[in-house]
Engineer: 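There's a structure below that I have some questions on.
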Amino acid sequence: MKKSIYALALSSALFGCGSTVNMTTSDAVAAQPKLLLKTDGSFWGFGPEGNFDIAGLYQGKYSRSASTTSWFSTVNTKKGDMVAEVTRNDNGETWTLVCRGGGTSVDLGSFSFGGNDPYTCQISEAGKSVGEYQMASKSEAISLSTTRKETGFIRLNNTQFNVESIHDGEGLLMSVDNPLGYSFKRGSVEVAAAQVNGAITLQTLANLPQADMDALALGTVASALSWRPQE
């Protein structure tokens with residue numbers, strides 16, 4: 001049996017120390033200022049726990065882990081977990097995210113059977129459930145593609161956005177395996193984008209209601225800071 005623990009966030013290693021590739025976004029979102037998510041955790045913010053700040057608007061702390069157990073390089077069991085606390089700075093409102101996911105797959109050469117269950121975060125405030133974040137692989141049951149496309153949603157009280165991972169970037173000729181970022185949409189309209197390749201940033205349409213901003217902040221934390229099990 002072979003067991004490995006992910007020590008670094010996978011998104012940080014997409015392009016090594018070279019130039020950062022920006023994810024593709026709508027023109028409306030791309031025109032907005034970038035809100036920087038800064039971390040002070042171990043391994044330059046890529047370690048298993050730490051504190052974070054989102055442009056002085058939100059702050060919090062997180063603890064995360066991910067592991068893979070492999071039998072004969074064929075049967076792989078993977079899991080990932082995260083607990084995060086997010087506080088809105090102007091009024092002290094605080095949410096807790098408890099996240100987990102994983103599953104078992106069988107790899108036979110280029111073919112992969114099975115995979116991970118959806119990665120879910122239960123969101124609570126003052127001990128009461130107020131929302132949920134969920135992301136699931138978009139791949140087929142049998143897939144030859146290495147692109148780890150995910151789709152899902154973030155819901156906080158009555159506010160909800162669809163979420164999808166973005167694997168296309170400016171100047172790239174083809175999609176990359178790991179996400180460059182995440183797009184948040186309401187219907188077909190992109191409302192925000194969270195870049196995770198290089199510096200973590202959030203861009204939103206201007207003059208959004210506060211409820212939208214709260215949901216997008218939590219969605220960014222869940223998308224950008226979690227270590228999700230990889231297919």
Side-chain angles (χ1 to χ4, degrees), residues 8-9 11-12 29 32-66 80-101 118-135 150 152-163 165 179 181-186 190-228:
L8 298 176
S11 61
S12 69
V29 169
Q32 303 304 315
K34 294 182 177 181
L35 306 178
L36 180 64
L37 190 159
K38 298 184 295 185
T39 65
D40 68 355
S42 57
F43 297 104
W44 305 276
F46 296 117
E49 58 185 23
N51 301 300
F52 65 86
D53 172 89
I54 305 178
L57 302 174
Y58 301 86
Q59 63 177 312
K61 55 188 177 181
Y62 61 91
S63 178
R64 59 195 179 181
S65 66
D81 301 277
M82 182 179 75
V83 176
E85 185 179 274
V86 184
T87 299
R88 204 172 102 195
N89 287 342
D90 65 348
N91 66 0
E93 191 169 5
T94 299
W95 301 272
T96 300
L97 289 77
V98 178
C99 310
R100 59 178 51 90
Y119 188 87
T120 61
C121 300
Q122 299 301 321
I123 304 171
S124 63
E125 182 179 6
K128 177 183 176 182
S129 178
V130 293
E132 183 181 8
Y133 171 91
Q134 184 179 114
M135 292 292 279
E150 294 177 298
F153 64 88
I154 171 73
R155 179 184 61 81
L156 180 63
N157 294 312
N158 295 322
T159 300
Q160 181 165 324
F161 296 102
N162 295 324
V163 187
S165 62
Y182 295 84
S183 175
F184 298 84
K185 293 182 177 180
R186 179 170 281 143
E190 185 174 57
V191 176
Q195 166 116 354
V196 301
N197 179 42
I200 300 173
T201 60
L202 172 65
Q203 289 173 282
T204 74
L205 296 180
N207 302 317
L208 291 178
Q210 187 60 56
D212 285 5
M213 292 299 298
D214 293 342
L216 292 169
L218 297 185
T220 298
V221 169
S223 299
L225 294 184
S226 61
W227 287 350
R228 291 199 287 285

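Treat the numbers as computed from the prediction; the structure is a model and nothing was measured.
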Engineer: If the condition is side chain to side chain contact (heavy atoms under 4.5 Å, CB included), which residues does Ala192 pass it with, not counting sequence neighbours?
Structural biologist: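 Ala192 satisfies side chain to side chain contact (heavy atoms under 4.5 Å, CB included) with Phe184, Leu202, Thr204, Leu216 only.
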Engineer: Using the side-chain hydrogen bond (donor to acceptor under 3.5 Å, both in side chains) criterion, which residues pair with Ser165? Sequence neighbours excluded.
Structural biologist: His167
Engineer: Quick one: list whatever passes salt bridge (Lys or Arg N to Asp or Glu O under 4.0 Å) with Lys185, sequence neighbours left out.
Structural biologist: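 Checked Lys185 against salt bridge (Lys or Arg N to Asp or Glu O under 4.0 Å); matches are Glu164.
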Engineer: Backbone N or O of Ala55 within a donor-acceptor pair of the Asp53 side chain at under 3.5 Å?
Structural biologist: yes
Engineer: Do Trp95 and Leu218 come within less than 4.5 Å of each other through their side chains, counting heavy atoms only?
Structural biologist: yes
Engineer: Closest approach of Met213 and Leu35, non-hydrogen atoms and distance?
Structural biologist: CE-CD1, 4.2 Å
Engineer: Could you tell me whether the side chain of Thr39 reaches within less than 4.5 Å of the side chain of Tyr62, counting heavy atoms only?
Structural biologist: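 Result yes, sub-4.5 Å side-chain heavy-atom pair found.
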Engineer: Looking at every non-hydrogen atom in both residues, tell me the closest pair between Tyr119 and Gly80 and how far apart they are.
Structural biologist: CE1-O, 3.7 Å
Engineer: I'd like to check the side-chain hydrogen bond (donor to acceptor under 3.5 Å, both in side chains) partners of Thr94; sequence neighbours left out, ordered by chain and number.
Structural biologist: Thr87
Engineer: Report the C-alpha separation of Leu205 and Val29 in whole Å, then their side-chain angles, then the decisive distance to 0.1 Å, and conclude whether the side chain to side chain contact (heavy atoms under 4.5 Å, CB included) test is met.
Structural biologist: CA-CA 6 Å; Leu205 296 180; Val29 169; 3.8 Å; yes
Engineer: Would you list the pairs meeting salt bridge (charged side-chain N to carboxylate O under 4.0 Å, His left out) in which at least one residue belongs to residues 194-203, sequence neighbours left out?
Structural biologist: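 Every pair satisfying salt bridge (charged side-chain N to carboxylate O under 4.0 Å, His left out) with a residue in residues 194-203: there are none.
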Engineer: What are the two closest heavy atoms between Ala199 and Leu36, and how far apart are they?
Structural biologist: CB-CD1, 4.0 Å
Engineer: Report the residues that fulfil side-chain hydrogen bond (donor to acceptor under 3.5 Å, both in side chains) with Asn89, sequence neighbours left out, ordered by chain and then residue number.
Structural biologist: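 Once residues adjacent in sequence are excluded, the partners of Asn89 under the side-chain hydrogen bond (donor to acceptor under 3.5 Å, both in side chains) criterion are Gln59.
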Engineer: In Å, rounded to the nearest 0.5 Å, how long is the span from CD1 of Ile154 to CE of Met135?
Structural biologist: 10.5 Å
Engineer: Does the Arg64 side chain pair with the main chain of Leu225, one donor and one acceptor, at a distance under 3.5 Å?
Structural biologist: yes
Engineer: As an exercise, state the distance from SG of Cys99 to CD of Glu132, rounded to the nearest 0.5 Å.
Structural biologist: 10.5 Å
Engineer: Could you tell me the separation between the NZ atom of Lys61 and the CD atom of Glu85, rounded to the nearest 0.5 Å?
Structural biologist: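 Here the rounded value is 5.0 Å.
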Engineer: Among residues two or more places apart or on two chains, list those pairs meeting salt bridge (charged side-chain N to carboxylate O under 4.0 Å, His left out) that have a residue in residues 192-203.
Structural biologist: none
Engineer: Mind checking side chain to side chain contact (heavy atoms under 4.5 Å, CB included) for Ala215 and listing every partner two or more places apart, or none if nothing turns up?
Structural biologist: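 If we apply the side chain to side chain contact (heavy atoms under 4.5 Å, CB included) test to Ala215, skipping adjacent residues, the hits are Leu156, Thr159, Phe161.
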Engineer: For Asp90, check side-chain hydrogen bond (donor to acceptor under 3.5 Å, both in side chains) against everything at least two apart and list the hits.
Structural biologist: Arg88
Engineer: Hey, what do you get for CG (Leu97) to OG (Ser226), rounding to the nearest 0.5 Å?
Structural biologist: 9.5 Å
Engineer: Quick one: CG on Asp214 to CD on Glu93, what's the gap to the nearest 0.5 Å?
Structural biologist: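 Reported to 0.5 Å precision, the distance equals 6.0 Å.
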Engineer: If the condition is side chain to side chain contact (heavy atoms under 4.5 Å, CB included), which residues does Gln195 pass it with, not counting sequence neighbours?
Structural biologist: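 Applying side chain to side chain contact (heavy atoms under 4.5 Å, CB included) to Gln195 gives Thr20, Asn22, Met23, Asn197, Thr201.
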Engineer: For the residue pair Ser183 and Glu190, what are the closest heavy atoms and their distance?
Structural biologist: OG-OE2, 2.6 Å
Engineer: Please find the pair of heavy atoms, one from Tyr58 and one from Gln210, that lie closest to each other, and give the distance.
Structural biologist: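 Tyr58 and Gln210 have their closest heavy atoms at OH-NE2, 3.1 Å.
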Engineer: Keeping to residues at least two apart or across chains, list the salt bridge (charged side-chain N to carboxylate O under 4.0 Å, His left out) pairs with something in residues 120-129.
Structural biologist: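 Pairs touching residues 120-129 that pass the test: none.
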Engineer: Say you draw a straight line from CG of Asn157 to CD1 of Ile123; how long is it, rounded to the nearest 0.5 Å?
Structural biologist: 9.0 Å
Engineer: Identify the heavy atoms of Asp81 and Arg100 that sit nearest to each other, and give their distance.
Structural biologist: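 The pair with the smallest heavy-atom distance is OD1-CB, 3.3 Å.
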Engineer: Does Gln32 offer a backbone N or O that forms a donor-acceptor pair with the side chain of Gln203 under 3.5 Å?
Structural biologist: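 Present.
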